[in-house]
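A quick write-up on the structure given underneath.
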Amino acid sequence: MRKYDHKKIEKKWQREWQKKEIYRSKENPRKPKSYVLDMFPYPSGEGLHVGHPKGYIATDVYARHKRMTGHSVLHPMGWDAFGLPAENFAIQNKVHPRAAVAKNIARFKEQLSTIGLDYDWSREINTTDPSYYKWTQWIFLKLLEKGLAYESNEPINWCPKCQTGLSNEDLDGNACERCGTIVEKRPMRQWMLRITDYAERLLNDLSHLPEWQEHIKESQRNWIGRSEGAEIDFPLEFENTTAPKPNYLLLHGYKESPIGAFIPWLNGELERRGLKVQVPELPNSWNPKETEQVKKVLDTCTIDERTIIVGHSLGGAIALKVLEKINRPIAGLMLVASAVNAKFPGAVERPYQKHFNWDVDYARIRKLAGFSVILSDLQEGTRRIPYLKFLAKELGARLVEGNAEEKHFMGKEEPMVLNALLPSITVFTTRADTLFGATYMVLAPEHPWVRLAIQQKGLLKNEDEIVRYIALSDKKTELERITEQKKKTGVRLEGVEAVNPATGKKIPIFIADYVLAHYGTGAIMAVPAHDERDFEFAKKFKLPIVEVIEPLAVRTTGLDAVHADGPFHDRPAILAFVKHWSEDKYLAVRYKPTDTRGCVSGGIDEGEEPIATAQREIREETGYVHTSLVRKLGGTIHGKYYSVVRKWNTFAHYTPFLFTLDDDTCEQVSEKEKADHEITWLTKKEMDEFINHEDMRIAWVRINGRACYEGEGILANSGEFSGMESAEARKAITGKLGRAKVTYKLRDWVFSRQRYWGEPIPVIHCAKCGVVPVPEKDLPVKLPEVNSYQPTGTGHSPLASIAKWVNVRCPKCKGPGTRETNTMPQWAGSSWYYLRYMDPNNKKALVDKKKEKYWAPVDTYVGGAEHATRHLIYARFWHKFLHDIGVVSTPEPFMRLISVGLIQAPDGKKMSKRYGNVINPDDIVKAYGADTLRMYEMFMGPFTDSIAWSTESMIGARRFLERVWRLGQRANPSTTSSLRSDGYGAGNEERGAEGTERQLHKTILKVGSDIESFKFNTAIAAMMTFTNVAEKEGINKDQFVRFLKILAPFAPHMTEELWSSFAKATKDKRGARKMRSIHTEKWPSYDVSKLKDETVRIAVQINGKTRGEASVAADADKEAQEAAARGAVAARLDGKQVVRTIVVPGRLVNLIVSD
RNA sequence: GCCGGGGUGCUGAAAUUGGUAGACAGAAGAGACUUAAAAUCUCUGGAUCGCAAGAUCGUGUGGGUUCGACCCCCACCCCCGGCACCA
């Protein structure tokens, strides 16, 4: 073949490869495995543009290289085809989504196949295939079984255009990620997945993923949003003392009678507050029986709507049973370290279990109890926690975790119990050190306590106003809440006050929408002196601002950075800003030795007044004599730094002042001060930029009046904690007045969609049995045919209208039941698909254990960065869950994650039908060939960068391939004769040039390692360099064939064609031999001794500047290199003395000369 | 605001991680071949000054460390990405 004609070559080989199944993946225990995965595409109606295949080409090159280096490679492809785009496309085009999806997939597959990708299509999967989503549903059932799937009625994000609920991850700010519509809050029943239970592990395990790009990990960290802080209870006091008081029923636990633990103490504390308490002694506490104990309570105690039942340990179980029996509303329920149902997974069997019936009607109790609280003691470890969480969810109870005085609340006094009983509001804060500065409290308008308080008529005096504010903020969209960010609004709750547990002072309570209901506890303590938001609110509502943190600035950089080991020397000092007598300018001082830019500062001498010190220092440093004090600039500011003069660490305590200068009277400044200080007059704005030390800046901002300080420091006005530093104080205050608590921004995953085209959620609702999972044998629950799959917008999916499908028998009681009609979100199927490729046709299991063990985890995963906080979080969550239940063997699914940089349109915009700037790969393949497209996309730039497409630049890739083609003809003796006249210089075709040989070894090494590290652009550059050398020096057949092999992953068609023509030539000589594909050949090896040239050129520098070049033998010693270097620049060395020589072997010689 | 990643010719970029900055390409200019064009081949190609040899400057800006800095340190500017009334 004379001319490179891609059209003749490419189709031919694609068919050939498919026929011979050269890309079939097999588990081969003798070979190392490599699982190379692309994020599978969503087969949209638009087809592919030129940007889509970039990642696929990269994994293709990578997988081919892996195969050639002796790996068993799994490189599969499939389709993520459930979800809104397919459904909307179907509605618009009036076809069934299934049909639309089938059509789109066919088109995608066709497009991908023309690029020559090496997928093992026998493992193709499709999330909408019932045999696939059977296992998606199976995973859901497992999640349900383990208490990780639950129904909820909390308000969620609703997209009015897509007409479905969305998860937090589906939002782009406050808009629907898909269509850009601003979402509303809508209360509705939906399924949720408890991803927050995995928050800690999802966060921590990121550190075990060194081969993930940092920005992806960072996105996930931000998204999970862990913060460490404390929960603190603020007791409430009511103005209306005539409001009815509660009474208490205390139930003791197992083996505790005569009545033990904290019960007698609690009884006393409550009675001391004038409250009525009943404490029955439960019979046979050493061998308790449920019916007997419940009977005793019912017979001897009075229970009414004002009763709060408190049950400790086993008493907690009795409390539930009592409430179930009396079946009347009560004021509240508190379970203190409740006994655990022995049937609950992981629970320990107790002797009394057989005398107890643990079936409890949680829903009924939830309705009867005005409030419920569950207390859990962290000292008991994590064993009980799943059950307590389950209880909390079922009862709608608040779960409070903390440290009891003694394990299992067995202390004689347990203040945590008393605090939780007295009406109080719990806040979450990361700044417990500022507790003494909490001068008011703010609740989110949606806070449940507010709703409860309004129901109690007469408790709050301004109910109407409160109700109006709540209604208003309900109506506000998220957008308004955010755009009105700066304007703080709120309403005070009249008739109730909170008590700051640190100061004992009463503080007002507000509701305000700057506090978010769903973060922390939905309530905050407001510390206006040390929080910008509280500061603004306090100014607007004229609330007291109490400073409790004296700022502390620690210098960590520069000459005066604190020395790590040295002790600190205290130094009382002043900072003095001086205003000009007539202009609006300030005295700026630069202390030269440490480049400290700010104001006058200095130490207070023994017995000196701070004001006098300031005036003295002003005089000494600047010479100005007549100064008057304007005011002190707030309280003390502390600074830690290293004193360059005294040579020790200094802990300075500054009193900051503002002075004015009365006139320009000036005295002589000493020489030393003059040398050290530089004085200028600067405007306010200039000062802002001038000051470069934190302590001075803190003082400076106070010029404009009272400032809020959000940093850390030293506690003041904080009782016994005064004088502590923030970090230490946080621990101390949390220990004494609160409980340590970790909070996440991550929300549970809203798992219901009110649309048609998704996996049906496999549960049945039964009036008698409640939620009943569909038995495993009945999976998959197939998506039924429906007349109209238009979204209903009513909060029900179109499935709800198919009575025949919906109405079924309850699998448990065989009574009438109805199917769940919500479907799963698009992200369900993609959360585990990588597992199915390992064993795509398994009917008995999601994946065979042996196959999973062989292939897992995914070694290299390539896809778009936009999935950082959605698919990649969900998949990690499901994977960890599957790991926990023993389905998979690794804790993480993807070992190495690489995100593809986008290919933008030539105009620099996003390539999209909307802009009309789409470049179709089909056109490129037709005109230039698949190999050219592949080469260019890999050569464009670094793989992870986004770069604009340029068909013009692509010519370079095509030219390179043509040069290789011609080089091949030159290297092939059977065709050389016809080529001698094409303008090349004389060749060394027969023996093979030595220069070419060396270059080839270098290239083999570089291309191999560059592919491994996804640096395809430099791999190609190296191959181009090789062809440049080969053209000049000549190339023989053997060299060319080795070169073809390293080019093969990039240009599979052309290399296969050339390879086959060479192989034919071989066959003629050696007789019949089986033809193998170049893609199943071994990667060529390189010889270390050939990696270096015999002579190298080294740079010759004089005083660090390159002044010449010298040629030396590669193995020349230092002396020889130096001699050669001296020779190269002999003229320049004339009359000069070489004082020093630095030789970097094989690189350079640097000669240091003096005159 | 907080966090992460970046900033190099006309353009895409490279630089063995402290050792000749600009490899490899694209666009451009000059030449060869051709009736001509395309293709191909050869040469030039950071800036300024100079006929030239050469000199000076040059990796966002300003300082520093070093024989030597795109690379390390300090301060700042700009671009991209994530989070953001998250207590």
Side-chain angles (χ1 to χ4, degrees), chain A residues 173 213-227 229 427-431 434 442 481-482 484-488 512-516 518-527 530-534 536-537 557-559 561 595 597 689 692 710 743-745 865-866 868-869 899 936 939-942 944-948 950 952-957 959-960 962-963 966 982-985 1006 1015 1017-1028 1031 1097-1110 1139-1153:
Chain A
Q213 281 168 296
E214 191 53 42
H215 71 275
I216 305 271
K217 289 196 270 188
E218 193 56 27
S219 295
Q220 293 209 351
R221 282 188 203 109
N222 283 339
W223 190 259
I224 294 166
R226 180 183 200 271
S227 37
V427 304
F428 174 72
T429 177
T430 54
R431 290 299 301 271
T434 64
V442 190
R481 272 201 180 194
I482 288 160
E484 288 171 15
Q485 219 173 92
K486 289 279 136 61
K487 295 178 226 149
K488 297 275 182 290
D513 63 11
Y514 83 90
V515 173
L516 307 174
H518 54 256
Y519 185 76
T521 60
I524 61 155
M525 64 177 203
V527 186
H530 304 294
D531 182 286
E532 275 306 336
R533 298 155 299 184
D534 300 342
E536 257 167 60
F537 191 87
T557 58
L559 285 171
D595 191 32
R597 300 169 201 223
E689 286 179 21
N692 70 353
E710 292 192 294
T743 303
Y744 303 91
K745 278 193 270 191
E866 69 273 17
T869 55
S899 56
Y936 175 58
F939 185 61
M940 287 175 86
T944 55
D945 286 11
S946 31
I947 297 163
S950 160
E952 196 184 52
S953 300
M954 192 186 63
I955 299 302
R959 282 210 272 252
F960 168 68
E962 285 176 2
R963 278 166 68 191
R966 271 181 265 130
D982 69 353
Y984 284 106
K1006 173 125 182 94
K1015 283 151 77 176
N1017 55 333
T1018 52
I1020 292 172
M1023 290 190 283
M1024 287 171 166
T1025 306
F1026 173 78
T1027 56
N1028 290 346
E1031 275 174 4
R1097 285 138 76 104
I1098 58 170
V1100 183
Q1101 297 185 334
I1102 294 176
N1103 291 340
K1105 292 197 173 190
T1106 306
R1107 283 295 126 99
E1109 230 176 40
V1139 256
R1140 204 180 145 195
T1141 318
I1142 291 126
V1143 181
V1144 183
R1147 290 248 172 254
L1148 61 72
V1149 175
N1150 189 5
L1151 304 166
I1152 314 303
V1153 304

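Chain identifiers are assigned alphabetically (A, B, ...) following the order of the sequence lines, protein sequences preceding nucleic acid strands; residue numbering begins at 1 within each chain.
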(request) Identify whether any heavy atom of A/F939 sits under 4.0 Å from a base atom; if not, whether one sits that close to sugar-phosphate; answer base, sugar-phosphate or nothing. (result) base
(request) For nucleotides B/C70 and B/A15, find the distance between their C1' atoms and express it as a whole number of Å. (result) 9 Å
(request) Return the 5'-most residue of the pair A/E962, A/L1148 with respect to RNA chain B, ranking by each residue's nearest nucleotide. (result) A/L1148
(message) Check the orientation of A/Y519 and A/F428. Use parallel for under 30°, tilted for 30 to 60°, and perpendicular for over 60°.
(response) perpendicular
(message) What is the distance, to the nearest angstrom, from the CD atom on A/Q1101 to the P atom on B/G18?
(response) 16 Å
(message) Once rounded to the nearest 0.5 Å, what's the spacing between atom CE of A/M940 and atom CD1 of A/I947?
(response) 5.5 Å
(message) I'd like to know if the side chain of A/N692 reaches the main chain of A/R597, judged simply by a donor and an acceptor atom lying under 3.5 Å from each other, with no hydrogens or angles considered.
(response) yes
(request) Give a yes/no answer on whether the side chain of A/K745 brings an N or O atom under 4.0 Å of OP1 or OP2 in B/C85. (result) no
(request) Name the closest nucleotide to the A/R1147 side chain, picking from B/U16, B/A87, B/A14. (result) B/U16
(request) May I ask you to verify if any side-chain N or O of A/N1028 is less than 4.0 angstrom from the OP1 or OP2 atom of B/A23? (result) no
(request) Pick the P atom in B/U40 and in B/A25, then give their distance to the nearest Å. (result) 13 Å
(message) Classify A/G225 by what it touches in the nucleic acid, base, sugar-phosphate, or nothing, heavy-atom distance under 4.0 Å.
(response) nothing
(message) How close do A/N1017 and A/P942 get, counting heavy atoms only, and between which atoms?
(response) ND2-N, 3.6 Å
(request) In whole angstrom, give me the gap between the C1' atoms of B/A32 and B/A23. (result) 27 Å
(request) Would you indicate which nucleotide in B/G12, B/C41, B/U20 comes nearest to any side-chain atom of A/R963? (result) B/C41
(request) State the syn/anti category of B/U17 according to its glycosidic angle, syn meaning within 90° of 0. (result) syn
(message) Using modelled atom types and a 3.5 Å cut-off, is there a donor and acceptor pairing between side-chain atoms of A/E532 and backbone atoms of A/E710?
(response) no
(request) Kindly express the pairing pattern of RNA chain B in dot-bracket notation, using | wherever a base pairs with another strand and counting only Watson-Crick or G-U pairs under 3.5 Å. (result) (((((((..(((......[....))).(((((.......))))).((((....))))..(((((..]....))))))))))))....
(request) Counting heavy atoms from C-beta on, name the nucleotide in B/G19, B/U56, B/G4 closest to the side chain of A/R1107. (result) B/U56
(message) Measuring from the side chain of A/Y519 (C-beta onward, heavy atoms only), which nucleotide among B/C24, B/G19, B/A87 has the closest atom?
(response) B/A87
(message) Rounded to whole Å, please give me the gap between CG in A/L516 and P in B/A87.
(response) 10 Å
(request) Could you walk me through whether A/E218 and A/R221 pass salt bridge (Lys or Arg N to Asp or Glu O under 4.0 Å), step by step? (result) CA-CA 5 Å; A/E218 193 56 27; A/R221 282 188 203 109; 2.9 Å; yes
(request) Can you tell me, in whole Å, how much space there is between the P of B/A14 and that of B/G7? (result) 10 Å
(request) Measure the distance from NZ on A/K1015 to C1' on B/A13 and round it to the nearest whole Å. (result) 13 Å
(message) If I pick the C1' atom on B/G26 and the same atom on B/C77, what distance separates them, to the nearest angstrom?
(response) 31 Å
(message) Under 4.0 Å from OP1 or OP2 of B/C24: is there any side-chain N or O of A/N1017 that close?
(response) no
(message) Is the phosphate of B/A87 approached by A/S227 (side-chain N or O, under 4.0 Å from OP1 or OP2)?
(response) yes
(request) Give the rounded distance in Å between these two atoms: CD of A/E214 and P of B/G6. (result) 10 Å
(request) Classify the nucleic acid contact of A/R1097 as base, sugar-phosphate or nothing, counting any heavy atom under 4.0 Å across all strands shown. (result) base
(message) When the P atoms of B/G9 and B/G46 are compared, how many Å lie between them, rounded to an integer?
(response) 13 Å
(request) Just compare B/U20, B/G4, B/U40 and give me whichever is closest to any side-chain atom of A/H215. (result) B/G4
(message) Counting only side-chain heavy atoms from C-beta out, which of B/G19, B/A14, B/A23 sits nearest to A/A1021?
(response) B/A23
(request) Tell me which nucleotide among B/A15, B/C67, B/A13 gets nearest to the side chain of A/T1018. (result) B/A15
(request) State the OG1-CE distance between A/T1018 and A/M1024, to the nearest 0.5 angstrom. (result) 12.0 Å
(message) Using O4'-C1'-N9-C4 for purines and O4'-C1'-N1-C2 for pyrimidines, with syn meaning within 90° of 0, is B/G9 syn or anti?
(response) syn
(message) Below the 4.0 Å mark, does B/A87 have OP1 or OP2 next to a side-chain nitrogen or oxygen of A/R431?
(response) no
(request) Just compare B/G12, B/C67, B/A87 and give me whichever is closest to any side-chain atom of A/I524. (result) B/A87
(message) Does any part of the side chain of A/I524, heavy atoms only, come nearer than 4.5 Å to the side chain of A/D534, both counted from C-beta?
(response) yes
In residues 1100-1107 of chain A, what donor-acceptor pairs under 3.5 Å come from side-chain atoms, sequence neighbours left out?
residue, atom, partner, partner atom, Å
A/N1103, OD1, A/V1153, N, 3.0

(request) Spell out yes or no: do the side chain of A/N222 and the base of B/C83 have one donor N/O and one acceptor N/O closer than 3.5 Å? (result) no
(message) Nearest to the A/E952 side chain among B/G26, B/C41, B/G5, which nucleotide is it?
(response) B/G26
(request) Give one of base, sugar-phosphate or nothing for A/K1105, where a contact means two heavy atoms less than 4.0 Å apart. (result) sugar-phosphate
(message) Expressed as a whole number of angstroms, how long is the span from A/E710:CD to B/G1:P?
(response) 13 Å
(request) Under 4.0 Å between any heavy atoms, over every strand shown, what does A/I1142 touch: base, sugar-phosphate, or nothing? Just pick one. (result) base
(request) For A/E532, answer base if it contacts any base atom (sugar-phosphate contacts may also be present), sugar-phosphate if it contacts only those atoms, and nothing otherwise; contact means non-hydrogen atoms under 4.0 Å. (result) nothing
(message) From CH2 of A/W223 over to C1' of B/G4, roughly how many Å is that when rounded to an integer?
(response) 17 Å
(request) Compute both the distance and the angle, then confirm whether A/K488 meets the cation-pi test with A/Y514: under 6.0 Å from the six-membered ring centre, within 45 degrees of the axis. (result) yes
(message) When the P atoms of B/U8 and B/C79 are compared, how many Å lie between them, rounded to an integer?
(response) 14 Å
(request) Taking only the side-chain heavy atoms of A/M1024 (C-beta and beyond), determine which of B/A25, B/C41, B/C85 contains the nearest atom. (result) B/A25
(message) Between A/T429 and A/V527, does the side chain to side chain contact (heavy atoms under 4.5 Å, CB included) criterion hold? Intermediate values first, please.
(response) CA-CA 10 Å; A/T429 177; A/V527 186; over 6 Å; no
(message) Heavy-atom nearest nucleotide on RNA chain B for A/I947 versus A/T1027: which residue maps closer to 5'?
(response) A/I947
(message) Would you measure the distance from the P atom in B/C83 across to the matching atom in B/A13 and give it in whole Å?
(response) 25 Å
(request) Please work out if A/N692 contacts a base, only the sugar-phosphate, or nothing of the nucleic acid, heavy-atom cut-off 4.0 Å. (result) nothing
